[in-house]
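See below for the structure under consideration.
The figures here come from the full heavy-atom set of this structure, side chains too, leaving out hydrogens, waters and symmetry mates. So that the names make sense, note that chain A is the first sequence line, chain B the second, and so on, each numbered from 1.
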2 protein chains.
Amino acid sequence: MPTIRDVARLAGVSVATVSRYLNNSGYISQEAAQKIRHAIEALDYEPNAIARGLAKKRTSTIAVLLPDITNPFFAELVKSVEASARDRDYNVVIWSIDEGETAEHSFNAFLRMLQLQYIEGVIIATHTLATKQVEALKKRAIPFVFLDRPALVTTAPVIRADNRKGARLAVRHLREVGATQIAHIGGPQALLPARERLQGYLEEIKAGGRDMQPVIVEGDFTLEGGMNAIYRILEQAPDTDGIFAANDLMAIGALKALHRAGIAVPEDIAIIGFDGISLTAMIEPELSTVAQPIAALGARAVDRLMHLAEHGGMDEHVDTLEVTLIARASTQRGRLH
Amino acid sequence: MPTIRDVARLAGVSVATVSRYLNNSGYISQEAAQKIRHAIEALDYEPNAIARGLAKKRTSTIAVLLPDITNPFFAELVKSVEASARDRDYNVVIWSIDEGETAEHSFNAFLRMLQLQYIEGVIIATHTLATKQVEALKKRAIPFVFLDRPALVTTAPVIRADNRKGARLAVRHLREVGATQIAHIGGPQALLPARERLQGYLEEIKAGGRDMQPVIVEGDFTLEGGMNAIYRILEQAPDTDGIFAANDLMAIGALKALHRAGIAVPEDIAIIGFDGISLTAMIEPELSTVAQPIAALGARAVDRLMHLAEHGGMDEHVDTLEVTLIARASTQRGRLH
DNA sequence: AAACGATGTGTAACCGGTTACAGACGAAAG
DNA sequence: CTTTCGTCTGTAACCGGTTACACATCGTTT
């Protein structure tokens, strides 16, 4: 591994000049640049990232904080974050913050890592984060952006999908395929996106006229939560013929429970989810969903983070990206009843 | 952020002594240790990982090379690798190596990253890796272990599941629930695990007596591959009443295709997959599978890597971990015919 | 002609650790 | 009483970059 001093020697200039060349900082003469270029070429030199990190007090690394990589939504998100970061020669470290008692401990370890590794920014895609913890980040002057979460503190950008509108699209679609009694399986109402989706649902139910009654049961964004919700819905509102679940995982759970209860989808009940994870296309019947632009979310988050890291300045921009309806078998038109 | 010099000053010793204390190297008197302990406590000092990395030419970081984080098998694997690494205060960087034309470019970027970041070891969980590329790793003296792949080069440890035995378990289970004509949807035969699973299938078919005929179609480990395989199987062997797919994703595809063809599972055809990804419990009917000990695989890989990194010495041990049969609805006993 | 600003370069300190080496000390061995 | 050895510590070089600062050159202004 050649070092910058090897390059300097071969090019017949000082290390400072080589460093300036590498960083496009300060003045460099044509001849010097030329010689350095050749020396770098000849030695197949690449600056050492660790040494540079130490000197600059910043490495080209960002972190993603998420609840669980095995959740397909986050896996897809990470994929796009990674791709975007790589395009800019940045590295990504994933940090899963487990729930429950070790959460605090885990977050502290994360904080420590951030500092000791000179991580440049954090994409926060987890909800289980206390304001106190975000303040800790802020105090350390590490840029961060929130993904589909409310900011918790001001002065941090948020990247989000248009949840309310997506919910309206979903419910409208159910109405269009003939559902007249539409129930909602909501997410944890502590989470903003869950509240927004509920709101969109309510708006659209209201738009449906007075004979549409809202039926709402709260789930927890898990498969099991979706299954349990079905039992409650069937009890509360046996005439339900359409269901909008606040995320795909719960919709898939709902599908399971309905299947077990001997209720046909979409013939008896049409169902639609939210997120657009690839899982929705794998099951049978394929699940209609409102797709978040997952790749775009990740890319935008990286954009914003880079911007913050480079130009500083706490912008508190909120990016709201568009969602798209994907109609599939679970809401097929021409149903029986 | 206090530095080691701050600690040294406060403790009234030299930085060398503090460093020795931190690394348990060399001799330290009781009193010195005591004073240093207090100073560290008082300053809330933590050694800077980057500086240490530069000096030691090694950071506490390992890399995982995989094809696609959105594949649930790899997501679950990463999760366990991450947890094990974290226990040892190691960080993990994920590197997805895309297939196709940019694969080589991507791998080169990976190699560069390894060196410039002083990465200590690599877990290779991707199949699209040429011998040449592995040699490149080896030449750079970076320890690595293979996960469920043949070694490609000698002198590298391999962690794997007992594929052949798992396949036998699967097929035997199908027989036990009454299947008499069992087909196999194989993986790409270029991959060793796929070949081993096929072998297990063949052995168990043979054990079933002469009236059992092997029927084999090759898939590609994807959902679509599984769907296509079904069409070929139904054509080739219409009397098939049991299917063993070489991985869960293909089994799920098969389930989809059977559903579309109006064939009931498990009533008409029983089906079982391989891997034990959590997806298998999400679909309906729930998919029977041969579960790889995914968490154990990840943990063991980290173990081996640490061992290599610390004690050097290219051990070429092969770890074969046990698999377990999980019987679910897709192979329910007491089927109709 | 003096002063000035833009251009170009090298020296050396610095980032925050690790570690080779030399030296001090006391106890045990010869 | 020397020698030897184990224990303990500090100085300073080093890892491989970045950058403040000093200095030199040269074309323009005043």
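A close approach under 4.0 Å does occur between a side-chain nitrogen or oxygen of Y27(A) and OP1 or OP2 of dT7(C). In terms of phosphate contacts, S14(A) brings a side-chain nitrogen or oxygen within less than 4.0 Å of OP1 or OP2 of dG10(C). Taking 4.0 angstrom as the limit, K57(A) places a side-chain polar atom (N or O) nearer than this to OP1 or OP2 of dG16(C).
As judged by a 4.0 angstrom heavy-atom cut-off over every strand, Y45(A) is placed among residues touching the sugar-phosphate backbone only. Across all strands shown, I28(B) has heavy atoms under 4.0 Å from sugar-phosphate atoms exclusively, and none from any base. The residue A32(A) sits close only to the backbone: its heavy atoms come under 4.0 Å of sugar-phosphate atoms, none of a base.
The pair E135(A)-K139(A) fails the salt-bridge criterion, with no side-chain N (NZ, NE, NH1 or NH2) lying under 4.0 Å from an Asp/Glu carboxylate O. By the 4.0 Å N-to-carboxylate-O rule, D319(B) lies close enough to R300(B) to be salt-bridged with it. We find that K57(A) and E120(A) are not joined by a salt bridge, their nearest charged nitrogen and carboxylate oxygen being 4.0 Å or further apart.
The shortest distance between side-chain heavy atoms of T61(B) and Q117(B) does not fall below 4.5 Å.
Rounded to an integer number of Å, the gap from E46(B) CD to dG16(C) P is 15 Å. Atom CG of N24(B) and atom P of dT18(C) are 12 Å apart (whole Å). One can place OH of Y21(A) at 18 Å from P of dT19(D), the figure rounded to the nearest angstrom. One interatomic measurement links the two molecules: CD1 of I50(A) to P of dG16(C), which rounds to 15 Å at whole-angstrom precision. Distance CG (L54(B)) to P (dA13(D)): 17 Å, rounded to an integer number of Å. For I4(A) and dG10(C), the CD1 to P distance is 12 Å, given to the nearest whole Å. dA20(D) atom P lies 12 Å from atom CG of N23(A), rounded to whole Å. Atom NZ of K56(B) and atom C1' of dC14(D) are 15 Å apart (whole Å).
Panel note: side chain S84(B), backbone S80(B); a donor-acceptor pair is recorded below 3.5 Å. One N or O on the side chain of N48(A) and one on the backbone of I50(A) form a donor-acceptor pair closer than 3.5 Å. Put simply, the side chain of D6(B) gets close to the backbone of T3(B): a donor and an acceptor are under 3.5 Å apart. Distance alone, capped at 3.5 Å, is enough to place a donor-acceptor pair between the E76(B) side chain and the S278(B) backbone. A donor-acceptor pair is defined here as one N or O able to donate and one able to accept, closer than 3.5 Å; no such pair exists between the side chain of N23(A) and the backbone of S25(A).
When distances run from any side-chain atom of A16(B) to the nucleotides dG10(C), dT11(D), dA6(C), the shortest one goes to dT11(D). Closest approach to the T17(A) side chain among dG10(C), dG16(D), dG10(D) is made by dG10(C) (side chain taken as heavy atoms from C-beta onward). For S19(A), counting side-chain heavy atoms from C-beta on, the closest listed nucleotide (dC8(D), dT18(C), dT18(D)) is dT18(D). For Y118(A), taking side-chain heavy atoms from C-beta onward, the closest of the listed nucleotides dG10(D), dG16(C), dT18(C) is dG16(C).
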>> Please encode protein proximity along nucleotides 21-28 of chain C as a string of B, S and -, counting only heavy-atom distances under 4.0 Å.
In response: --------

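Each salt bridge (Lys or Arg N to Asp or Glu O under 4.0 Å) pair with one or both residues in residues 106-115 of chain A, not counting sequence neighbours, appears once here: R112(A)-E46(B).
Within the helix from dA1(C)-dT30(D) to dG30(C)-dC1(D), the inter-axis angle between the opening and closing five-pair segments is 60°, rounded to 10°.
In the interface, the side chain of R5(A) is paired with the base of dG17(D) through a donor and an acceptor atom under 3.5 Å apart.
A residue-by-residue look at V15(A) and S29(A) shows that S29(A) has its nearest nucleotide of DNA chain C further toward the 5' end.
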